[in-house]
Student: 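One structure, as structure tokens, below. Some questions next.
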Amino acid sequence: MVGYLIRRLGQALLVVAGVVTLTFVIMRLVPGDPAVAYAGPKATPEQLAAARERFGLDDPLAVQLVAYLRDLLTGDWGTSLHSRQPVLDDLALAFPASLELVGTALVIAVAVGLPVGVLAARFKTRFPDFVVRVGSMLAVSFPVFWLALAVQTIFATGLGWFPVAGEYDGDLDTASPLTLWTNITVVDALITGNWPILTSTLWHLVLPALVVAAYPAGVIAQLTRAALIEESTQDHARLARALGFRESTILTRFSLRAALNPVLALIALVFAYSIVNGFLVEAIFNWPGLGRYATTSIRSHDTPAIAGVTLLVAVVYVLANLVVDLLQGVVDPRARAR
Amino acid sequence: MIEVSDLEVRYGTHVAASVPALTVRPGECVAIVGESGSGKSSTLMALLGLAEASGNVTICGVDVLRAGPRELRRLRGSKAALVMQSPQAALPPTTRLGAFMRRALKLHGVRASMEEAMRAVLLDPALLRRYPHEISGGQAQRFAIALAIALGAEVILADEPTSALDVTVQAEVIAVLQRLRAERDLAVLMVSHDLALVSTIADRIVVMKDGQVVGTLTHPYTRQELEAVFGAQG
Amino acid sequence: MRRLGAFLLALIVLASLAAPWLAPYPEDAVDPLSSLLPPSPEHWFGTDQAGRDIFSRVLYGGQTSLLIAIAVLGSSALVGVALGMTAGYAGGWLRDVIMRVTDIFLAFPALLLSVALAVVLDPTVTTVIVAIAATWWPWYARLSMSVAASVSTRPYVDAARCLGVPAPLIVVRHVLPNSLTPVLVQLSLDAGGVILTAAALSYLGLGAQDPIAEWGLMVEQGQSLISTNWWVVTFPGLAIVLTAFAFNVLGEGLRNALDPRRTVIK
């Protein structure tokens, strides 16, 4: 187990190193001189030279890469060209909001996708199965930005059931200011008992979270169904049947746990996917997360900021995979032996 | 106690096997022998109402092919138990043996000592804390028999119970099965492709080919009898 | 289900290919006088800000989307399968290197890498193709690698090796044909994802630019008008949904028919 853990951590580190290199290479390809972007279009040659000096833009690439790695490790992720703040600080502000949105969406996706997948497997080839299959396939066929626009127009702008945009009502900042602990508004509001902000945030979360949840809910339902059907043809399901267990007991007690493993792996995958998908939704619902930050950075050719966002998401992704691998050991005793 | 007449097992419209008559009395061991694909396993599943079939099957007084789902569920396990071919794969992978047995006992409302059942098949009760992948194939098969014993089954249906095991382990499992049959007057119906093995333990042997019964042998088996049945099909 | 998918897809492909004959107006026929007309018998799907017929643009947009899908899937499958075969059959250090590189690409959320790449390049249709293909090939590499690894341990491959059949020939004769089915299934399952990713990139302004009809771009151009002129956004969006749905249904059907044991995680 310990050996496995070490090997797994080593793999994760290797992947992160690769991601850093890849990010670095991509960012070096950016047209447009970061020094110009930093110093401004009217900068004197001296100012430009100073900027180049400051960012080490004249060094050989390998040297720059090593320096980049060293800086990353010491917590210096560069300075954002557009906000003029350390990138890490910017990310620390924006990431929790994204986490809040994607986290909520994933909770919804699992809460919907898993039972719906079980239902489809239970009534395989019958009507509920058909509905679930068509529904889940539709859910993964929607372009998330279009779904966001449609949902916003219908339920917020049109019917007025939900707020149009933002994380919570702006006037609450003065009426009921929030003390920050984790930067995740829902959590902070809960810890400090700030009910006005808590309810307002939850209310604002509904539409964007549902939109982000559509894709993961669809794939989770599909995979749960497929894995359960696969399990139910296995010998252990036949034996349980021969011992007189009900079909629903076999499904939920014995097959589901065995089928949960691929589903867990999937959740790690869709988690990262949903963060990026969430970017588009954040932009449309004006959610103060990474998406908004990334969009601004892209528009202003803010190299350090884009690199920061990319790296952060990749690291989160690697971490999510690691957590899931370990979780799989808890869920399925066979995985521990490997 | 098993009584079968005019049984036809089907896959859709295809007849996988047909058994005109078959009886297994308490304390008896009957074996169905045939090559793979000859419809033996489907017959076994049909006896528990788990395969599409027509005709008459009575097990412990239950008319299997006409019984309702509740009656069938009561029959399965508590009266007739199945032992499958693949040892560990036939147990739910994420459930400890003890938990699985406890659940099965609770399902049928049986109060029995799990430890005693384990000892009856010569298994250490400590194995109840293990997962299926942590025990050996022979242990898994004996555990399946222990399940049947604990549930108080009168009939054991065994689908190639030893074909996945080493020869020495085979002997252990068979020995356990034979002893319990004698002690508890169990009716055992076994499906196998191993004539040598089966001829040492079965009171009668039903030989199947392409889904049809081509002959029945009664103990003691003579060379002529064997040749008559097997010679007939070339 | 499979037939439904195939039917929808055939309809979409035909409509896109026949756009020059089916479309009542050229895709870029600007007409300021008929700007933002609602759907009517003259303009089935209405017109956009520039007075262009949205029905015609949706038809032409199909060409763009299908072109992107074919180019992305074709190139990434080619690269992925070639690398995967090499790694899976050759084994050794070569396999390790290819696998690690593949892992690194797979560890990157594909959409993010596409966006990052597209930001760097000029916004064109080609950029979209390159940016998506660059993130898509590792899936095929991993898939064909596992097929190749399992095929190369089969007895008949061993037999061929013992007979002195050269490695490249074994790959072409035995390994490649065995991986065609899973790759084909994966391709059809992926097409919907490619269409959606391409639409997202264009929506972000990183892909096709204005006069070109592209569904994602059309949504972007109409989004500020959504509450007053709903049709500008609605129809291209529906076209994306329908196409992705058709591919997904077909892909699932193909998987069930050809490769039922595989449950794809992606």
Side-chain angles (χ1 to χ4, degrees), chain A residues 1 4 114 117-118 121-126 223-224 226-267 324-338, chain B residues 41 44-51 69-96 99-101 103-110 129-134 140-141 143-144 147-148 150-151 153 155-160 164:
Chain A
M1 186 68 196
Y4 170 74
L114 211 59
V118 174
R122 174 72 186 81
F123 298 102
K124 189 191 164 200
T125 70
R126 308 233 297 272
L223 189 74
T224 307
L228 277 180
I229 288 177
E230 166 100 27
E231 284 296 327
S232 72
T233 61
Q234 302 285 311
D235 278 351
H236 61 79
R238 292 170 61 198
L239 181 75
R241 226 168 271 141
L243 285 175
F245 283 103
R246 283 166 181 279
E247 212 52 42
S248 49
T249 314
I250 299 174
L251 214 57
T252 53
R253 289 284 165 190
F254 305 133
S255 300
L256 189 59
R257 264 190 82 175
L260 223 47
N261 239 340
V263 175
L264 270 175
L266 178 74
I267 291 175
V324 162
D325 272 5
L326 301 181
L327 262 185
Q328 285 184 333
V330 178
V331 173
D332 190 336
R334 285 170 300 178
R336 262 172 266 163
R338 262 176 242 142
Chain B
S41 298
L44 221 48
M45 294 315 265
L47 296 188
L48 287 171
L50 288 167
R70 288 191 67 183
E71 209 178 344
L72 272 180
R73 273 204 303 274
R74 234 186 346 256
L75 166 77
R76 293 175 192 154
S78 70
K79 288 182 179 152
L82 183 71
V83 176
M84 295 183 79
Q85 176 177 6
S86 47
Q88 291 102 331
L91 295 169
T94 55
T95 312
R96 291 176 203 271
F100 185 57
M101 191 186 273
R103 209 163 257 295
L105 289 174
K106 201 175 144 210
L107 175 76
H108 291 290
V110 178
R129 280 194 297 276
R130 300 264 185 96
Y131 285 99
H133 71 275
E134 295 170 336
Q141 290 308 58
F143 175 73
L147 262 176
L151 288 168
V155 169
I156 290 188
L157 303 173
D159 185 359
E160 304 267 12

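Everything numeric in this text was worked out from a predicted model, so none of it was measured. Residue numbers begin at 1 in each chain, while the letters A, B, ... track the order of the sequences.
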Student: Measuring from Arg238(A):CZ to Asp159(B):CG, what's the distance to the nearest 0.5 Å?
Tutor: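 Output value for this atom pair is 7.0 Å.
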Student: Please state whether the side chain, the backbone, both or neither of Leu50(B) comes within less than 4.5 Å of a heavy atom of chain A.
Tutor: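 Only the side chain of Leu50(B) comes within 4.5 Å of chain A.
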Student: What heavy-atom pair brings Arg76(B) and Ala242(A) nearest, and what distance separates the two atoms?
Tutor: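 Heavy-atom minimum between the residues: CB-O, 3.0 Å.
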Student: Please rank Ala153(B), Ala104(B), Gly49(B) by heavy-atom pairs under 4.5 Å with chain A and give me the top one.
Tutor: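 Most heavy-atom pairs under 4.5 Å with chain A: Ala104(B).
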Student: Working to the nearest 0.5 Å, report the span between CE of Met45(B) and CZ of Arg241(A).
Tutor: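 If we round to the nearest 0.5 Å, Met45(B):CE and Arg241(A):CZ are 7.5 Å apart.
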Student: Would you give the length of the straight line joining atom CG of Leu243(A) to atom CG of Leu151(B), rounded to the nearest 0.5 angstrom?
Tutor: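 Reported value, rounded in 0.5 Å steps: 6.5 Å.
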Student: Between Arg74(B) and chain A, which part of the residue has a heavy atom less than 4.5 Å away: side chain, backbone, both or neither?
Tutor: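 Answer is neither: Arg74(B) stays 4.5 Å or more from chain A.
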Student: Using a cut-off of under 4.5 Å on heavy-atom pairs, state which of Leu147(B), Leu72(B), Leu82(B), Leu75(B) scores highest against chain A.
Tutor: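 Counting heavy-atom pairs under 4.5 Å, the top option is Leu82(B).
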Student: In Å and rounded to the nearest 0.5 Å, what is the CE to CG distance from Met84(B) to Leu239(A)?
Tutor: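 The distance works out to 6.5 Å.
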Student: With chain A as the partner, which of Leu157(B), Val83(B), Leu48(B), Leu107(B) has the greatest number of non-hydrogen pairs under 4.5 Å?
Tutor: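 Heavy-atom pairs under 4.5 Å are most numerous for Leu107(B).
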Student: Please find the pair of heavy atoms, one from Thr94(B) and one from Arg257(A), that lie closest to each other, and give the distance.
Tutor: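 Shortest heavy-atom separation between Thr94(B) and Arg257(A) comes out as OG1-CB, 3.3 Å.
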Student: Considering only heavy atoms and a distance below 4.5 Å, find which of Pro69(B), Ala90(B), Gly77(B) pairs most often with chain A.
Tutor: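 Of the options given, most contacts go to Ala90(B).
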Student: Taking all non-hydrogen atoms of both residues, which atom of Gly244(A) and which atom of Arg73(B) are closest, and how far apart?
Tutor: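 That closest heavy-atom pairing would be O-CD, 3.2 Å.
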